[in-house]
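As a basis for the values below, the full set of heavy atoms in this structure was taken, side chains included, without hydrogen atoms, waters or symmetry mates.
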Amino acid sequence: AYELGDRDPAPMLARAQILIAKGDLEAGRVALEQAREHGAEAGAVGSLEGALRRLSGDHSGALEGYEAALASDPARVQLWWEVLGLVSQV
């Protein structure tokens, strides 16, 4: 869809999530940046950024991503458990 001109960030976020879950972190990073450039919601970007950094071994960066997601959308309660786990590792 992107190649045909669609600039909706939702499929880009979904692609980033799938790539990150598969362990293709570099492609996931590219898809996430693309979604960010096209106006993706800050909470979703922060959440995926946190996951990407956590899987990359950057626990401090993961914490920053999750904190950004929580700040933009406090209803993301499930992230609190991620944040607590990361705090114990950092």
Side-chain angles (χ1 to χ4, degrees):
Y2 179 79
E3 292 170 2
L4 296 174
D6 184 14
R7 298 298 184 258
D8 179 1
M12 296 173 200
L13 284 170
R15 183 166 197 261
Q17 185 174 13
I18 290 168
L19 290 167
I20 292 167
K22 286 176 49 178
D24 191 348
L25 302 183
E26 187 54 38
R29 183 175 287 110
V30 170
L32 183 57
E33 187 56 38
Q34 191 176 51
R36 184 188 336 260
E37 290 172 1
H38 289 91
E41 189 265 322
V45 170
S47 179
L48 287 177
E49 184 72 32
L52 179 65
R53 289 182 176 198
R54 186 183 65 192
L55 292 172
S56 298
D58 178 6
H59 298 293
S60 295
L63 184 59
E64 289 173 13
Y66 290 135
E67 286 175 338
L70 286 168
S72 71
D73 183 5
R76 294 174 180 268
V77 176
Q78 72 273 12
L79 289 177
W80 283 110
W81 295 109
E82 299 272 352
V83 170
L84 290 173
L86 286 167
V87 167
S88 69
Q89 294 177 22
V90 174

Provide the closest heavy-atom pair for P9 versus A35 in the form atom of the first, atom of the second, distance.
-> CB-O, 3.8 Å
Heavy-atom pair with the smallest gap, counting every atom of A10 and D8 | N-OD1, 3.0 Å
R36: side chain to side chain donor-acceptor pair (under 3.5 Å) partners, not counting sequence neighbours = E33, E49
Indicate every side-chain donor-acceptor pair of residues 13-30 with a distance under 3.5 Å to a residue at least two apart or in another chain.
| from | atom 1 | to | atom 2 | distance (Å) |
| --- | --- | --- | --- | --- |
| D24 | OD1 | A27 | N | 3.4 |
| E26 | OE1 | R29 | NH1 | 3.0 |

For E64, the salt bridge (Lys or Arg N to Asp or Glu O under 4.0 Å) test, sequence neighbours excluded, returns R53
Do you know the tightest heavy-atom contact between A42 and S72?
-> C-OG, 3.6 Å
